[in-house]
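Since the structure is predicted, the reported quantities are computational estimates derived from the model, not experimental observations.
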Amino acid sequence: LFCVFFFKQKTAYEIYQCDWSSDVCSSDLALLGAGVIDNSGRILEANEVGSNLSGRIKDNGQGRYFILSRGAGGTIALTQEDIRALQVAKSAIRAGITTLLEKASLHGKDIKKVHIAGAFGSNLSIRGLLDIGLIDALWAGVVNFAGDAALEGAALALMDDKKSEA
């Protein structure tokens, strides 16, 4: 999992171990702010970017990608496909939130606590969740990151004789 930060049009990155290590965390948000990605999520052509980041935009004939790192171990890049996968995941989650609120006859202001579980949400900041529209701005102060709740729940169930029988 790569988190990318931009400082004066140069990238610095940190590598974190994660279950979904081929995915990229928050780099698309940074690239949007840096003018490499437009508001629709399209990676711009190199000649559309007015900074030295344009040299990191490549096209392999199947689509554009942005080079995050290049070294002896190979090239790490954010592809157009990565961005679309994030957009699809965000849309599905947001649709689920909207549907649940409607079914319960609730509005965003009625929510007192938001628990974010799993690798996807837990590796984004609250700012990132807001920036991609995954959560309402009203919820910024009530977010709780629960980590890998499924794994923790399974471990608890195995340690509790009564729960493991269920």
Partner residues of R84 under the salt bridge (Lys or Arg N to Asp or Glu O under 4.0 Å) criterion, sequence neighbours left out: none

Nearest heavy atoms of R64 and I43, plus distance in Å: NE-O, 2.6 Å

Pairwise side-chain contact, L86 with D82, heavy-atom cut-off 4.5 Å (strictly under): no

Gap separating the NE2 atom of H107 from the CD atom of E102, nearest 0.5 angstrom: 10.0 Å

side-chain contact (heavy atoms from CB on, under 4.5 Å), paired with V36, selected from I57, L44, L78: I57

Nearest atoms (heavy-atom pairs only) where A46 meets S54: O-CB, 3.2 Å

Donor-acceptor contact below 3.5 Å, side chain R56 vs main chain I67: yes

Contact check, side chains of I111 and L138, non-hydrogen atoms, under 4.5 Å: no

Donor-acceptor contact below 3.5 Å, side chain K109 vs main chain L106: no

Point-to-point distance, once rounded to the nearest 0.5 Å, from CG of D59 to CD of E45: 8.0 Å

NZ/K103: more than 12 non-hydrogen atoms of other groups inside 6.0 Å: no

Min side-chain heavy-atom separation W139-L130 under 4.5 Å: no

Audit row: L129, F145, side chain to side chain contact (heavy atoms under 4.5 Å, CB included) steps and yes/no: CA-CA 12 Å; L129 294 171; F145 292 101; 3.8 Å; yes

CA sep, side-chain torsions, deciding dist, call: T79, K58, side chain to side chain contact (heavy atoms under 4.5 Å, CB included): CA-CA 10 Å; T79 67; K58 304 296 179 196; over 6 Å; no

Sidechain-backbone polar pair: E81 side chain, Y65 backbone, donor-acceptor under 3.5 Å: no

Donor-acceptor under 3.5 Å (Q80 side chain, G41 main chain): yes

Minimum heavy-atom distance between K113 and V142, given as atom pair plus value: CD-O, 3.4 Å

Main-chain N/O of T75 paired to R70 side chain as donor or acceptor, under 3.5 Å: no

Electrostatic pair E48:R42 at N-O distance under 4.0 angstrom: yes

